[in-house]
Amino acid sequence: MRIEPQPLHLPVFRAILASMGEGIIFADADDRIRYINAAAEEIRGIIAGNYLGRSIVSIHSPASEGRIRRLIAGLKGGDIPFSTRVIHVREKIFENSYYPIRNENGTYEGTLLISRDITEKERLKEENNSLREQVRADFGCGDMIGKSHAMEPVFHMIRATAALDSTILISGESGTGKELVACAIHQMSPRHKNPFVKVNCAALPETLLESELFGHERGAFTGAVRERKGKFEQAHLGTIFLDEIGEMPLAAQAKLLRVIQGKTLERIGGNREISVDVRIIAATNKDLRREVERGAFREDLFYRLNVIPIHLPPLRERREDILPLAEHFLSVYAERMRKPVHCIAPDARKALLDYDYPGNVRELENAIERGVALSMGETITLADLAPYFVTGASAAPAGAALPKEPPTATLSRAVSVAEQEAIREALQTTGNRKGVAAKLLGISRKTLWEKLKQMERT
């Protein structure tokens, strides 16, 4: 048997409005104030009895009278659906929202003004921005952060080569921040006002990669219903970033070599040469010299790309950067999620420092994002981190027997075991969805596949 909901009576509505934390003011169709709740009295520093029956304009400053009258007229006429603006009053910041109230026939009944005190929210936002800028100023280069000795040559190379047009090859493990290096070089270069175009050579099938890079003419293949500029043409006068260049097929490598040598390209299905002025920055997590020896990468292209090599160290080799990076990510995600999280508990900091980060900076970023999301207060605790951080942070009990294996072998095995546990947990958490699991781990899908194959062999 269906129970019909009972309508709320006026005293109940008044009780609800009176208990709200937002300031509520209602003016009738004649713009006369009929209701002011306690929160509105406190926010505006007024006494309700002094304003009931007066025009809604009376609670605003004389300087804003004309604007308020125009706003109310717009709400009545339907020209303005609602209006929100931020104001500063007595060292506080308020968000004022005006809404027209209409009955079931669409007749205008009055204006509802809701005031929210957003002082704390704006203060946190300002603190986060200030912290982020301070971290960058103290430890960074462009959008990169690092105070370790291992990062000093990287920052030096970025600053020294940004103004040049030389081709750069960035190497390093997945998740070390190769794209950030490329972006920093572009931002500091004379080309910074022109496009920065990114291409992930591993994300596109071989059949589409050449079309993506060099474009195609209309009718060049089935589905090519119109001509299309490739990424090189889109990057004209700017910078193109070729990520995971080691995954590029040999056929595309040959075309890329011609573009580098002649500064021209031909679209697929075309026969005209198109001039392009593009700076090339490539990145790889592979040893391209070994790929050349295997015949998987062209030797002549390797030397064309490797004009200025920049190697990014893994995070485990730059542990001084872990906490500055964690603080940076904390401010980013606290603002993005609108949460008042602004510090990391000591035991959580120790766990972050003790972990080996097979997924490098990307894995640390994911860990802090999770920590901010799960935090119930102002602090990321150890419980807010993934379980493998807790495992990694725990030390052997005092007096425990030492292993008989050499220490290096023990460490290597421990890292391998922890990595495998993290992979299994990620797969279990994501319902065996490998793409999502790879993102959670802060590694590429291809890297995850390689690690799973290795786990099957062991």
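Nothing fancy with the numbering, it's 1 onward along the sequence.
- Contact of the Arg319 side chain with the Ser148 side chain is not registered, since no non-hydrogen atoms from C-beta on lie closer than 4.5 Å.
- Taking the side chain as every heavy atom from C-beta outward, Ile47 and Glu41 approach each other to under 4.5 Å.
- No side-chain heavy atom of Ile274 sits under 4.5 Å from any side-chain heavy atom of Glu266.
- Surrounding NE2 of His311 are more than 12 heavy atoms belonging to other residues, nucleotides or ligands, all under 6.0 Å away.
- To the nearest 0.5 angstrom, Glu42 atom CD is 10.0 Å from Asn37 atom CG.
- Summarising the geometry of Ala351 relative to Leu382, their closest heavy-atom pair is CB-CD1, 3.5 Å, with the distance given to 0.1 Å.
- In terms of heavy atoms, Leu364 sits closest to Ala326 at CD2-N, 4.1 Å.
- For Arg218, there are no salt bridge (Lys or Arg N to Asp or Glu O under 4.0 Å) partners, not counting sequence neighbours.
- Residues satisfying the salt bridge (Lys or Arg N to Asp or Glu O under 4.0 Å) criterion with Arg272, sequence neighbours excluded, are Glu217.
- If you check the side chains of Glu233 and His236, you find no donor sitting under 3.5 Å from an acceptor.
- In this structure, the side chains of Leu113 and Ile59 come closer than 4.5 Å at one or more pairs of heavy atoms.
- Legend: residues meeting side chain to side chain contact (heavy atoms under 4.5 Å, CB included) with Thr176, ordered by chain and number and at least two apart, are Glu173, Lys178, Leu312, Asn360.
- Annotation for Ala345 and Thr379: closest pair N-CG2, 3.4 Å, computed over non-hydrogen atoms.
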Next item on the list: Start with the C-alpha gap between Phe241 and Asp243, add the side-chain angles, then the distance that decides, and say whether side-chain contact (heavy atoms from CB on, under 4.5 Å) holds.
Entry: CA-CA 6 Å; Phe241 174 54; Asp243 197 10; 3.7 Å; yes
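- By the 4.5 Å heavy-atom criterion applied to side chains, Leu213 and Val259 are not counted as neighbours.
- Counting only residues at least two apart or on different chains, the ring pair (Phe, Tyr, Trp, His ring centres under 6.0 Å) pairs with a member in residues 172-192 are His186-Phe196.
- The heavy-atom pair separating Glu212 from Leu204 by the smallest distance is CG-CD1, 3.4 Å.
- The shortest side-chain heavy-atom distance between Asp321 and Ile145 does not fall under the 4.5 Å cut-off.
- Remark: Glu369 pairs with no residue by the side chain to side chain donor-acceptor pair (under 3.5 Å) rule, at least two apart or across chains.
- The two residues Thr447 and Ser174 make their nearest non-hydrogen contact at OG1-OG, 3.7 Å.
- Although no hydrogens or angles enter the test, the distance criterion places no donor-acceptor pair under 3.5 Å between the side chain of Asn105 and the main chain of Thr107.
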Margin query: Walk me through whether Ile168 and Val181 qualify under side-chain contact (heavy atoms from CB on, under 4.5 Å).
Written below: CA-CA 10 Å; Ile168 290 177; Val181 174; over 6 Å; no
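- The side chain to side chain contact (heavy atoms under 4.5 Å, CB included) search around Ala203 returns Asn200, not counting sequence neighbours.
- Below 30°, between 30° and 60°, or above 60°: for Tyr355 and Tyr357 the angle between ring planes is above 60°, a perpendicular geometry.
- Here the OG1 atom belonging to Thr167 is positioned 9.5 Å from the CG atom belonging to Leu169, to the nearest 0.5 angstrom.
- Residues forming a ring pair (Phe, Tyr, Trp, His ring centres under 6.0 Å) with Phe214 (at least two apart in sequence, or on another chain): Phe232.
- Checked against salt bridge (Lys or Arg N to Asp or Glu O under 4.0 Å), Glu227 has the following partners two or more places apart in sequence or in another chain: Arg267.
- Every residue two or more places apart in sequence or in another chain that forms a salt bridge (Lys or Arg N to Asp or Glu O under 4.0 Å) with Glu179 is listed here: Lys198.
- For Pro100, the side chain to side chain contact (heavy atoms under 4.5 Å, CB included) partners at least two apart in sequence or on another chain are Leu75, Arg102, Tyr108.
- Shown here are the side chain to side chain contact (heavy atoms under 4.5 Å, CB included) partners of Ala386, two or more places apart in sequence or in another chain: Arg370, Tyr388, Phe389.
- A donor-acceptor distance shorter than 3.5 angstrom exists from the side chain of Gln234 to the backbone of Lys229, with no hydrogens or angles considered.
- One finds the CG atom of Leu352 at 5.0 Å from the CD1 atom of Ile368 (value rounded to the nearest 0.5 Å).
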Margin query: Run Leu71 and Thr111 through side-chain contact (heavy atoms from CB on, under 4.5 Å) and show every step you take.
Written below: CA-CA 10 Å; Leu71 170 61; Thr111 298; over 6 Å; no
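- You'll find the side chain of Phe82 stays beyond 4.5 Å of the side chain of Ser97, heavy atoms only.
- Taking CG from Leu52 and CD1 from Ile25, the interatomic distance works out to 9.5 Å, rounded to the nearest 0.5 Å.
- With a 4.5 Å cut-off on side-chain heavy atoms, Leu330 and Glu327 count as touching.
- The distance from atom CG of Leu208 to atom NE2 of His216, rounded to the nearest 0.5 Å, is 10.0 Å.
- A salt bridge links Glu247 to Lys286: one of the charged nitrogens lies within less than 4.0 Å of a carboxylate oxygen.
- Salt bridge annotation for Asp79-Arg70: absent, with no cationic side-chain nitrogen under 4.0 angstrom from a carboxylate oxygen.
- Counting only residues at least two apart or on different chains, the salt bridge (charged side-chain N to carboxylate O under 4.0 Å, His left out) pairs with a member in residues 53-67 are Glu65-Arg69.
- Between Ile43 and Ser115, the shortest heavy-atom contact is CD1-O, 3.6 Å.
- The closest donor-acceptor contact from the side chain of Arg191 to the backbone of Leu237 lies under 3.5 Å.
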Check: Can Leu265 and Lys255 be said to form a side-chain contact (heavy atoms from CB on, under 4.5 Å), step by step?
Finding: CA-CA 8 Å; Leu265 59 83; Lys255 285 197 172 186; over 6 Å; no
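- With rounding to the nearest 0.5 angstrom, the CZ atom of Arg279 is 13.5 Å from the CG atom of Asn194.
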